[in-house]
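I have placed the structure first, in the form of structure tokens, so that the comments after it can refer back to it.
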Number of protein chains: 2
Amino acid sequence: MESEHAIEKLSSLAHAGRLSVFRLLVKAAPDGLAAGDIARQLNIPPNTLSAQLTILSHAGLVQHRREGRSIIYSADTSAMTDLILYLMQDCCSGRPEICEPVLDAVNKASCC
Amino acid sequence: MESEHAIEKLSSLAHAGRLSVFRLLVKAAPDGLAAGDIARQLNIPPNTLSAQLTILSHAGLVQHRREGRSIIYSADTSAMTDLILYLMQDCCSGRPEICEPVLDAVNKASCC
DNA sequence: TCCATATTTCACGAATACAGGAAATATAAA
DNA sequence: TTTATATTTCCTGTATTCGTGAAATATGGA
């Protein structure tokens with residue numbers, strides 16, 4: 001990943017509303033949620049949410065598709081993976097003993 | 001980690017200068033680099049760099065110590081781990097098949 | 001066609017982030 | 001004590017981001 005793209009992803013997530021939207025969509029992956037459902041669950045005005053979704057979408061963190069009158073947004077988990085890999089890149093430049101705790105923590109996460 | 005802290009870390013990194021500083025310090029971990037060395041390597045004016053280091057430091061991503069006339073900054077790799085874990089948290093809510101590719105990618109990274 | 005629902009786009013004032021010149025502070029050496 | 005080096009703090013004009021009211025667009029149903 002290029003630095004510009006990493007910065008765009010990071011700044012997209014560096015906002016309380018957008019971070020909560022992204023995390024909600026990550027939980028709802030891979031199905032996704034309609035914009036209106038997100039707005040109701042997080043209590044965000046529709047136009048405000050739309051602006052936030054546009055920013056997340058432009059950063060490549062979410063995708064969308066139309067279903068009837070609704071537009072379904074879903075998290076792009078591979079984009080999240082790319083960002084994590086970018087942050088970890090060069091994390092030990094020849095000194096594995098520094099990086100290993102990071103990998104251990106990730107693998108032991110309650111996630112899976 | 002709390003959402004506020006994650007947002008502060010994310011916004012600290014969502015800036016070209018600060019991201020390059022952080023990545024330089026991650027490569028130089030755990031020894032760190034003097035502020036002047038960072039300024040010279042990245043061609044950033046000293047006062048501008050100082051403001052950037054203050055922001056990274058306040059977010060908990062870097063630490064600093066004085067050595068003679070220099071102040072040595074170093075990356076806090078555990079803070080980076082915490083941020084990564086926060087981003088991965090709840091990433092599969094009961095569906096490991098979605099999260100596993102993330103873990104696989106992280107483990108196969110050229111990092112270590 | 002007419003209407004209700006779902007979502008986006010436009011416009012703009014308020015708040016925040018930004019870079020860097022100039023001055024101040026801290027340390028060490030002469 | 002004086003000087004040089006290293007870094008930070010203060011300040012300010014500029015640029016960017018932010019939320020949201022109002023209007024526009026898109027779809028499906030009556």
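The model shown is predicted, which means the values in this text are computed figures rather than measured ones. Protein chains get the first letters and strands the later ones, always in sequence-line order, with residue 1 at the start of each.
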Separation of [N] [atom2] from [X] [atom1] (nearest whole Å):
X	N	atom1	atom2	value
A:Gln52	C:dT9	CD	C1'	16 Å
A:Ile55	D:dC18	CD1	C1'	9 Å
B:Ile71	D:dT5	CD1	P	18 Å
A:Leu53	D:dC18	CG	P	14 Å
B:Glu8	C:dA17	CD	P	11 Å
B:Arg65	D:dT7	CZ	C1'	16 Å
A:Ile7	D:dT17	CD1	P	12 Å
A:Asn43	D:dG19	CG	C1'	14 Å

Of D:dT8, C:dA19, C:dT7, the nucleotide closest to the side chain of A:Ala35 is C:dT7
Given C:dA19, D:dT20, C:dT8, the nucleotide with the shortest approach to the side chain of B:His15: C:dA19
Check for a donor-acceptor pair, side chain of [X] on one end and backbone N or O of [Y] on the other, with a separation under 3.5 Å.
X	Y	answer
B:Thr48	B:Ile44	no
B:Arg18	B:Ser12	yes
B:Ser11	B:Ile7	yes
A:Ser70	A:Arg66	no
A:Arg23	B:Tyr86	yes

Quick check on [N]: is either OP1 or OP2 less than 4.0 Å from any side-chain nitrogen or oxygen of [X]?
X	N	result
A:Thr48	D:dG19	no
B:Tyr73	D:dA6	no
A:His64	C:dT7	no

Applying a strict under-4.5 Å side-chain criterion to I, L, V, M, F, W and Y, I'd like to know whether A:Leu42 and A:Ile72 cluster together. no
Group every Ile, Leu, Val, Met, Phe, Trp and Tyr by side-chain heavy-atom contacts under 4.5 Å, then state whether A:Leu49 and A:Ile71 land in the same group. yes
Summary of protein contacts for nucleotides 23-30 of chain D, nucleotide by nucleotide, where a base hit scores B, a sugar-phosphate-only hit scores S (4.0 Å, heavy atoms): ---SBS--
Checking all strands, does [X] fall into the base, sugar-phosphate, or nothing category for heavy-atom contacts under 4.0 angstrom?
X	value
A:Arg18	sugar-phosphate
A:Pro45	sugar-phosphate
A:Ala34	sugar-phosphate
B:Ser70	sugar-phosphate

Over all atoms of both residues, closest heavy-atom pair of B:Leu83 and B:Ala6: CD1-O, 4.1 Å
Relative to the 5' end of DNA chain D, which residue comes earlier, B:Leu49 or A:Asn47, by the nucleotide with the nearest heavy atom? B:Leu49
